[in-house]
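Data block below; observations after.
Protein chains get the first letters and strands the later ones, always in sequence-line order, with residue 1 at the start of each.
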Amino acid sequence: MEVVQSHRKPSSNNVAVSTLPLYRSAPLLEVRLEDFELFAMDRLRVLKGISDGLGRGKKPEEMEKLVADLWKANMRHPQANEEANKDIISHFVLRLVYCRTEELRKWFLSMETTLFRYRFRFESSEAQRALMSEFKLPCKAVSNAEFESVKDKLGQVARSMGQTLAAADAIFYKVPFEEVPELVAGRRVFIYKGHAYVAMNQVVSLVVTQFRSYLSKALILTNRKWTSTVREHEKDRLAPIVEALCTSYLGPDYSQPNEAGEISVKDIDHFAKTSFPLCMRHLFEKVREDHHLKHGGRMQLGLFLKGVGLKLDDALAFWKAEFAPKVSAERFDKEYAYNIRHNYGREGKRTDYTPYSCQKIISSTPGVGDHHGCPYRHFSEENLKAALVRMGVSSRAVEDVMDKVRNRHYQLACTLTFEAVHGSSCDAGINHPNQYFIDSQKILQSKNGSVA
Amino acid sequence: MTKEEAGNGRDDMEIDGSEQANAVPDGFDANYLRIYYGKLFPHADLFKWMSYGNDGKHPACDKSYFGRREFSFTLENDIYIRFQSFNSVIELENSIKEKSPFKIDIGPVYSVDPAKRHAYAQSGDNVFTPVERELVFDIDITDYDDVRYCCTGADVCLECWPLMTIAIKVIDTALRDDFGFNHILWVYSGRRGVHCWVCDGKARRLTNEQRAAIADYFRVYKGNENSHKKISLPGPVLHPFLARSYTEVLKGFFEAKLLPNQSLLSSEERYEKILEMIPDASVASELRGRWQENKRASMSKDDINLVRWDQLKSVLQSGKQKTQGIRRCVEEIVFSFTYPRLDMEVSKHMNHLLKAPFCVHPKTGRVCVPIDPNNCDEFDPTTVPTLSQLVEELNREGLRQDAENEWDGTSLGESVKFFRTTFLQPLLKSCKEDIESSYNAKLQQSKNTDTLSW
């Protein structure tokens, strides 16, 4: 691997060359193995954010802002050179991750195309034109004479979309209609004898179609290469990273509770009623009731409490007290204390375990006698409704929540519950029980102006 | 209301029926079908069409082309066989004569001979895939059941058939003027609709996404039983395609023909359907009030439907109406009754099979003959030749010297001639030109590289 050469062509005429890469070929760059994974995860955060936004039906203006924010938050680097490298490297790493099945390819293609679309929109019109020429699109700018002859029709099309034909310097491109299927489908262009007249602001569509088509083919080739040669070669180095990447959760891991978030044992009761998500409320209620909890439940609740700010000593005291009616102090020290210390990274290999994300909790399978897992998934309709009512959710909101549950959107159901209980919206959606707690506390504190 | 107005075709059908000694459904008979395939079905023309100029005469011809086309046969007793392919006109003709299929469908041209598809599936890379297929459309009058009162279901008469005529005009104009296609074949589906085959090279090579885009370009109607207003035309102005369709075809047809012939405003039940489409309840009540008052007798000699339509238009389009939606309502009503309703799925996928022209419809006995889009007003589905009629004509003609063109002495002659002169010949000429020019281009290219290399 060689050191990167600058991808910028020397610019003649001092025209700014676009910084938007087209990912045409794998870069000749040296990458540290850590960066290989980290860059990819950052980009994946952007793509998942986009996926989330699309899933919520955000309008184009909202998506524009979302993409800009996501990019800024995850992909920025003080040195422009490094930023470009990260962009390119992360894209190619994710190609390896997402080329392997039809479903993964479809998702990746869709997100990368959307990302490209909105980044393209941000570029200046000169930069856009430069990019268009790189795509070698079969389109020509419409001459003035021709423009005059079709001006009426172009105006009609614009007005049919509630727009007006731009001023005298309106630039239109003439392309074979096959190149702009989206615009044709939406009747957003004038078509004549097989050519579509595309306005400058619609050029995005043209370019995006090309980008998409290129990437689609590239992914299939990547898959072929990966399965036939690279994977075997890289089975100790890159393959494990690639395998892990597409299933990773990418939110904050809540392993370091913020200093302000320390809680004591006596607070838990109160917080359970006001700020715990249903899964943790349920576990907590069961501990109180049964004075016991099986392993899955202890892990899920215990790590959650750690994330909330319960210190190790307090945690030991909590569980010991709760179990006391059934478990003697000595037995507790012998059989349970070790595990709790292990969770806090004080035993064994000293991994500081991170609280479980929704994704992980939803996918767990509670058995007989278990109370962990996601209640939206595992509770019967009756029980779930009753639990929601106990949380103070209005009957109308309960119906909305149940609707989400029936469609297996468990996180959306929890989000609706959050919104119903707190009387305010949760745009980001619930992805982690600790996020639920923190957001809840934020709202309650701002209402009361003190620790809720 | 309209059955007595139906043309002679119906009477002919009944006469035919009574001449059959056996109980033959509407002139269709498996034995007659055999005769049809033996003497009348234009095998050679079908072969020439499907070869698109690749008949082996030019060095640049793709000899494998015809053999990679899928045909499917529906045999008696609903036995269905797919992935039939043939390497020559003789193979095609023999197979059809031997199997005497009740229906022949044409599929796409695949990357390899469909008969060998299993061999290629092994490499797991989708090597067996469609590579060419005509752009096709299917319009069925049963999709218009909510706007025609003369017939329902599979029935068609001369009152409602014009809906198909309108559809042909709108789509055909757009295919030629907007999309630039030239080689377009319209075919009667044999019972209650029409098919359209767009055969330009550019059309055959369209991807599924592009086909879907064209289908969506044509889509305006989005209804089902649950929606009252199934057409929505937003925007202060219509797209040129819709505007042209409205002013050149739909408006005139609606006001002069459909409105009076289907009595769309004459009874409460019928005018309610139209009033439902008006988004402003007060406007709708105003009209309802006026119409309820003079139910039966119309004041003037004019058709009550036309009178009421004029009233509706002046209320909706009066200067008093401020909202865009109200003014646009008139067009929306016209569109909802008359605008073509395409079967989207047929057009979107390359691998969709469609019935071949010149097949005989098993339920009606009618031949799927081509329709001239420039004269589609003249087309009468009730006088299309039937199988039994043709066999009878053959019998009357006796043996001809020229066994090749038996159809010439029958009612089918006109259709075959039309197919050849207006569609097939221009198409083949164009294909040959394409083959030649791409061949010459390649020669030129290799000449250039030759000179460069040394």
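The part of B:Arg176 that comes within reach of chain A is its backbone (N, CA, C, O), which places non-hydrogen atoms under 4.5 angstrom from that chain. Both the backbone and the side chain of A:Tyr192 come within less than 4.5 Å of a heavy atom of chain B. Contact annotation for B:Leu242: only side-chain heavy atoms (C-beta onward) come within less than 4.5 Å of a heavy atom of chain A.
When each of B:Ala243, B:Ala213, B:Gly180 is scored by its heavy-atom pairs under 4.5 Å with chain A, the top score falls to B:Ala213. The residue among A:Lys153, A:Glu182, A:Glu178, A:Arg187 with the most heavy atom pairs within less than 4.5 Å of chain B is A:Arg187. Between chain B and the options A:Lys193, A:His195, A:Glu179, A:Gln163, heavy-atom pairs under 4.5 Å are most frequent for A:Lys193.
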Please assess A:Glu146 against A:Lys174 for the test salt bridge (Lys or Arg N to Asp or Glu O under 4.0 Å), listing each intermediate value before the final yes or no.
-> CA-CA 10 Å; A:Glu146 193 176 356; A:Lys174 203 165 138 179; 2.8 Å; yes
For the pair A:Arg119 and A:Glu123, evaluate salt bridge (Lys or Arg N to Asp or Glu O under 4.0 Å) and give the outcome as yes or no after the intermediate values.
-> CA-CA 7 Å; A:Arg119 287 179 74 196; A:Glu123 300 285 317; over 6 Å; no
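For the residue pair B:His239 / A:Gln156, no side-chain donor-acceptor distance below 3.5 Å is found, with atom types taken as modelled.
Aromatic rings of B:Phe241 and B:Phe218 (six-membered ring for Trp) have centroids within the 6.0 Å cut-off, being under it.
B:Glu134 and B:Arg204 are not joined by a salt bridge, as no carboxylate oxygen comes within less than 4.0 angstrom of a charged side-chain nitrogen.
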